[in-house]
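As the structure is a computational prediction, the values presented were derived from the model and not from experiment.
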Amino acid sequence: MTLYEKYPLTITNSLSGKKERFEPLTPGFVGMYVCGPTVYNFVHLGNARTFLTFDTVSRYLRFLGYRVRYVRNITDVGHLESDADEGEDKIAKKARLEQLEPMEIVKRYTEDFHNVMRVFNILPPSIEPTATGHIVEQIRITQELINKGLAYDVNGSVYFDVKKYNATHNNSYGILSGRNIEELMESGRDLDSQEEKRDRRDFALWKKAAPQHIMRWPSPWGEGFPGWHIECTVMSTKYLGETFDIHGGGMDLKFPHHECEIAQATGANGKPPVRYWIHSNMLTVNGQKMSKSLGNSFLPSELFTGSHKLLDKGYSPMTVRFFMLQSHYSSTLDFSNEALQAAEKGYKKLNASLRTIKALSSAGGETGDTEIDKALISLVDECYSNMSDDFNTAKTLAVLFEMSSRINDMKSGNLPLKSVSAGVFETFKSAYIDFMEKVLGLEEESVQDNNLLDGTIQVLISLRKKARADKNFALSDKIRDDLKAIGVQLKDGKDGEITYSVE
RNA sequence: GGUUCCGUGGCCGAGUGGCUAGGCAGAGCUCUGCAAAAGCUCCUACAGCGGUUCGAAUCCGCUCGGAACCUCCA
């Protein structure tokens, strides 16, 4: 029996709004697509939250034994700047402002994005396709939609005919976002650039490039560039098939982006593209969505160094990761100094136990105390069932805190290792390590890797031991206090052993 | 204006018809040369008002407050 059979996964599907049992299209294999960043600027913390969410999803799917193909794109062209008449491209605009080639912009911010992913321990996807690398496919599907009568070209631009699609597909435009097409009509504001379109709800598949537009490709309709939504349809179906298992992205992409993806793909391929939609919620600051345009966004570097004006101090990447995992991905999460401080302490606690359990080994009784064995096993079980319950990292962390206490008990002797059977101990130990490191990605942060520093501290520790044995408390306290002052916390064990942690 | 969501103890944040969330902060105790760490104990909330129910923080209605989307946005 595989882990995914033992702990069947449920996912809140945005399409139905309900928690559903997850059954992949092909047993044992999962195809997942996530909308990646538009690389025209530094990624901020809000962006990072979304990628962290799907990092957790892909990690857990793999941990359960699924073989996962995870596709996350890089949008390096195509997002239209507001509703400007020219349909100005964000990357092209930025390039002009900075007097750079568009691809220089793309390169710079892609690298930044990758660096941010790395420091947060967000694993790379299986495939990371770019929009500019799939122009041909985007032209092809646009042509196909024209052939099927679901798109039309006007003056070198091509638009998707939403009304026609809706009429020919069971009024299904809006199934994801819960909008209905009449309301969209009435509520839409006057966009003065829309006279080309037959209907204000139509959206661009291909845009004609204005003479000054620098990112442009030849097409059957003249020189231009692809619309925003079409790239994701092309790249997801190319690598995952016309119907695939999971599509993820930020809540703010639900409409219109994902709604349009469904319409295009269904129109072109005759079947719905996605079986489970997952939307991660926003990171907020004082209750408001963190976004570049609102000016309340944090850069990861500002967070690590504490240079942002709202922060009292810097926080490590793992502290931030822990902080985000403490809430469910579908809830908004409010970002504040106080919350981060609490997270820092909580994370340190889990991290300390991680180090402790790694150093512990079973005292090896065949017959342990059955009650204790049962309690430990049930904690392990809860880790799985909580994660399988719609990736509930918050509940899983609560269990890990419980496990952390038991680990400390083992260390102090409150819970004698002899009373735990060998098999149970190993299961418990590897579960704690795996859920921390593999599933939640909370890698140990320590200086233990740094031999020179660790060795130096060990020398000081042995000096303190000697001083204490000699009852030279003035010296032993000085060693402890001076180390504390530079951020190294010594911890005296009952047995006289001394361990340390770094602030 | 339309659509949707949320309002949990000092703070953050899970949960969701009857069963302890958890973390941080605070109080007490144990351990300790003194501390720290750790362990134990305490602090028991669900915006307001009605209703449904044997029973509601959880379902329904209203009121108040906040947010997201409807336009580029993770």
Contact class for [X] vs. all strands (heavy atom < 4.0 Å): base, sugar-phosphate, or nothing?
X	value
Leu283(A)	base
Phe255(A)	sugar-phosphate
Gly46(A)	base
Ala394(A)	base
Ser476(A)	base
Asn408(A)	sugar-phosphate
Arg406(A)	sugar-phosphate
Met251(A)	nothing
Gln489(A)	sugar-phosphate

For [N], give its Watson-Crick or G-U wobble partner with both distances under 3.5 Å, or none.
N	value
C69(B)	G2(B)
G39(B)	C29(B)
G10(B)	C24(B)
U16(B)	none
A45(B)	none
G55(B)	none

Interface polar pairs with nucleotides 15-17 of chain B, N/O, under 3.5 angstrom:
unit_1	atom_1	unit_2	atom_2	d
G15(B)	OP1	Asn392(A)	ND2	3.2

Check every atom of [options] against the side chain of [X] and return the nucleotide holding the closest atom.
X	options	value
Phe323(A)	C12(B), C24(B), C70(B)	C12(B)
Ala342(A)	C34(B), G23(B), C70(B)	G23(B)
Asn47(A)	G13(B), A74(B), G33(B)	A74(B)
Arg179(A)	C69(B), C34(B), A74(B)	C69(B)
Ala398(A)	G39(B), A35(B), G22(B)	G22(B)
Glu338(A)	C11(B), C70(B), G39(B)	C11(B)
Ser327(A)	G13(B), G39(B), G22(B)	G13(B)
Arg468(A)	U32(B), A68(B), G13(B)	U32(B)

Determine the interatomic distance between [atom1] on [N] and the same-named atom on [M]; round to the nearest Å.
N	M	atom1	answer
A47(B)	A67(B)	C1'	15 Å
C42(B)	A21(B)	P	13 Å
G17(B)	U58(B)	P	11 Å
C34(B)	U20(B)	C1'	36 Å
C24(B)	C19(B)	C1'	26 Å

Check the phosphate of [N] against [X], side-chain N and O only, distance under 4.0 Å to OP1 or OP2. Yes or no?
X	N	result
Lys484(A)	A36(B)	no
Lys411(A)	G39(B)	no
Lys289(A)	C69(B)	yes
Thr38(A)	C72(B)	no

May I have the distance from [X] (atom [atom1]) to [N] (atom [atom2]), rounded to whole angstrom?
X	N	atom1	atom2	result
Lys471(A)	C34(B)	NZ	P	11 Å
Tyr173(A)	U3(B)	OH	P	17 Å
Gln288(A)	C69(B)	CD	P	10 Å
Lys90(A)	U71(B)	NZ	P	15 Å
Lys345(A)	C12(B)	NZ	P	17 Å
Leu350(A)	A37(B)	CG	P	16 Å
Leu475(A)	A35(B)	CG	C1'	16 Å
Phe120(A)	A74(B)	CZ	C1'	13 Å

Taking donor-acceptor contacts at under 3.5 Å, does the side chain of [X] reach the base of [N]?
X	N	answer
Arg480(A)	A35(B)	yes
Asp477(A)	G33(B)	yes
Asp492(A)	A35(B)	yes

- Between Ser280(A) and Asn414(A), just flag the one whose closest nucleotide in RNA chain B comes earlier from the 5' side. Asn414(A)

- How would you list all residue pairs meeting salt bridge (Lys or Arg N to Asp or Glu O under 4.0 Å) that involve residues 40-51 of chain A, not counting sequence neighbours?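 Not a single pair qualifies under salt bridge (Lys or Arg N to Asp or Glu O under 4.0 Å).
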
- Task: Would you verify whether the NZ or CZ of Arg72(A) falls within 45 degrees of the ring axis of Phe51(A) while also being under 6.0 Å from that six-membered ring's centre?
- Result: yes

- Test Phe203(A) against every option in Tyr165(A), Phe160(A), Phe255(A) by the ring-ring contact (aromatic ring centres under 6.0 Å, His included) rule and name the one that passes.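 Answer after filtering Tyr165(A), Phe160(A), Phe255(A): Phe160(A).
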
- Task: Report the residues that fulfil side chain to side chain contact (heavy atoms under 4.5 Å, CB included) with Lys411(A), sequence neighbours left out, ordered by chain and then residue number.
- Result: Thr356(A), Thr499(A)

- Close aromatic pair by centroid cut-off 6.0 Å: His247(A) and Tyr33(A):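 Yes: the rings meet the under 6.0 Å criterion.
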
- Parallel, tilted or perpendicular: which fits the ring planes of Phe225(A) and His213(A), with parallel below 30° and perpendicular above 60°? parallel

- With stacking defined as ring centroids separated by under 5.5 Å and planes differing by under 30°, is Phe51(A) stacked against A74(B)? no

